[in-house]
Amino acid sequence: MKPFQPDFKGARVQASPNCGPRVGCDAPDIILLHYTGMPSAEGALSWLCNPESEVSSHYFVHEDGRIVQLVPEGMRAWHAGKSFWAGETDINSHSIGIEIANAGHPAGLPPFPEKQIAAVAELCRDCGERWQIPPERVLGHSDVAPVRKVDPGENFPWGSLFAAGVGHYVDPVPVGGGRFFQRGDRGQPVEALQSMLSLYGYNVEITGEFCAATEGVVAAFQRHFRPERVDGIADMSTVETLHRLLTALPRYR
């Protein structure tokens, strides 16, 4: 990869060779957030620029808020892997990938520093405005690859990003009692739950059976939108939070 001018004016360029042309998509319409899941930021950044890794992202955000651009936004970075959102399966071609330096689940989910989250918010606002990316398409890796991926994790402050003008979010309904659905359940209520998850964008087959795949999607939803308890069980808190999110979408108002 030859040197290039950064698309985000606050970024320093460190070009990664791991990229290619976007396929079937002229412009990105998703912002996809990851944590690095590695012990050090330096090691993660080096890996994203190593041709042997065959992985990359458009941006890398250090703990202190410094931003590095690895791949031009017009190119396809390799960060999403096998993934799906709202009918699209080549999420790499449709997205801007942002890796956030954080050791993640292997290190017990360390907190994201405020400076880092402020930098992520600024970067997302800038990318979203320039490419006209809808707020509901600011997603986590776990949203587009349930079960396979769990980043940026249930400790990621989606609510803080929303308060800074990024993403689609409602305050989660508090965990409480009431009816719930779990693996092995069948029937029309499960079908309705699957339909709502699919309408939002998740990859779930509408069968009326609460299978392992449905459980994984519910857990992914909880990790993003109801992180108080991530167990894959669709309790009333989970279902009502999902309903409120759908109701808040412009296309359903």
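Given the structure is predicted, the values throughout are model-derived calculations rather than measurements.
Although no hydrogens or angles enter the test, the distance criterion places a donor-acceptor pair under 3.5 Å between the side chain of Ser83 and the main chain of Gly81. No donor-acceptor pair closer than 3.5 Å links the side chain of Asp126 to the backbone N or O of Phe8. Panel note: side chain Ser16, backbone Leu48; a donor-acceptor pair is recorded below 3.5 Å. Between the side chain of Asn155 and the main chain of Leu109, a donor-acceptor pair closer than 3.5 Å is present. Of the possible donor and acceptor atoms, none in the side chain of Ser198 sits under 3.5 Å from a partner among the backbone N and O of Gln194. No donor-acceptor pair closer than 3.5 Å links the side chain of Gln182 to the backbone N or O of Gly232.
Inter-residue side-chain proximity for Phe162 and Pro135 is flagged as unmet; no heavy-atom pair is nearer than 4.5 Å. Residues Val175 and Arg226 have side chains in contact (heavy-atom distance under 4.5 Å, counting atoms from C-beta outward). Within the 4.5 Å cutoff, no side-chain heavy atoms of Arg12 are placed close to those of Ile67. When side chains are defined from C-beta on, Ile96 does not count as touching Ile30, because their heavy atoms never get closer than 4.5 Å. Residues Ile98 and Cys124 form a side-chain contact, since some pair of their non-hydrogen atoms from C-beta on lies under 4.5 Å apart. In this structure, the side chains of Asn102 and Pro110 come closer than 4.5 Å at one or more pairs of heavy atoms. Contact of the Leu161 side chain with the Leu33 side chain is registered, since non-hydrogen atoms from C-beta on lie closer than 4.5 Å. Within the 4.5 Å cutoff, side-chain heavy atoms of Leu70 are placed close to those of Phe60.
The heavy-atom pair separating Tyr59 from Cys127 by the smallest distance is CE1-SG, 4.0 Å.
A donor-acceptor pair shorter than 3.5 Å can be found between the side chains of His79 and Ser95. Neither side chain, Trp47 nor Glu52, offers a donor N or O lying under 3.5 Å from an acceptor on the other. Donor-acceptor pairing under 3.5 Å is recorded for the side chains of Asp235 and Thr238. Using modelled atom types and a 3.5 Å distance limit, the side chains of His94 and Glu88 yield a donor-acceptor pair.
Relative orientation of the Tyr202 and Trp85 rings is perpendicular, given thresholds of 30° and 60° on the angle between their planes.
Between Glu191 and Arg186, no side-chain nitrogen of the basic residue sits less than 4.0 Å from a carboxylate oxygen of the acidic one, so the salt-bridge criterion is not met. Ion pairing of Glu240 with Arg244 is present here, as a side-chain N (NZ or NE/NH1/NH2) and a carboxylate O approach within less than 4.0 Å. A salt bridge links Arg76 and Asp90; the closest N-O separation between the charged side-chain nitrogens and carboxylate oxygens is under 4.0 Å. Electrostatic pairing of Arg22 and Asp26 does not count as a salt bridge here, judged by no charged N lying under 4.0 Å from a carboxylate O. Salt-bridge annotation for Arg66 and Asp64: present, with a side-chain N of the basic residue lying under 4.0 Å from a carboxylate O of the acidic one.
Taking the ring centroids of Phe156 and Phe112, they lie under the 6.0 Å cut-off. Proximity of the aromatic rings of Phe225 and Tyr200 is defined here by a centroid distance below 6.0 angstrom, and this criterion is met. Taking the ring centroids of His105 and Tyr35, they lie under the 6.0 Å cut-off.
More than 12 heavy-atom neighbours from other residues, nucleotides or ligands sit within 6.0 angstrom of CZ on Phe4.
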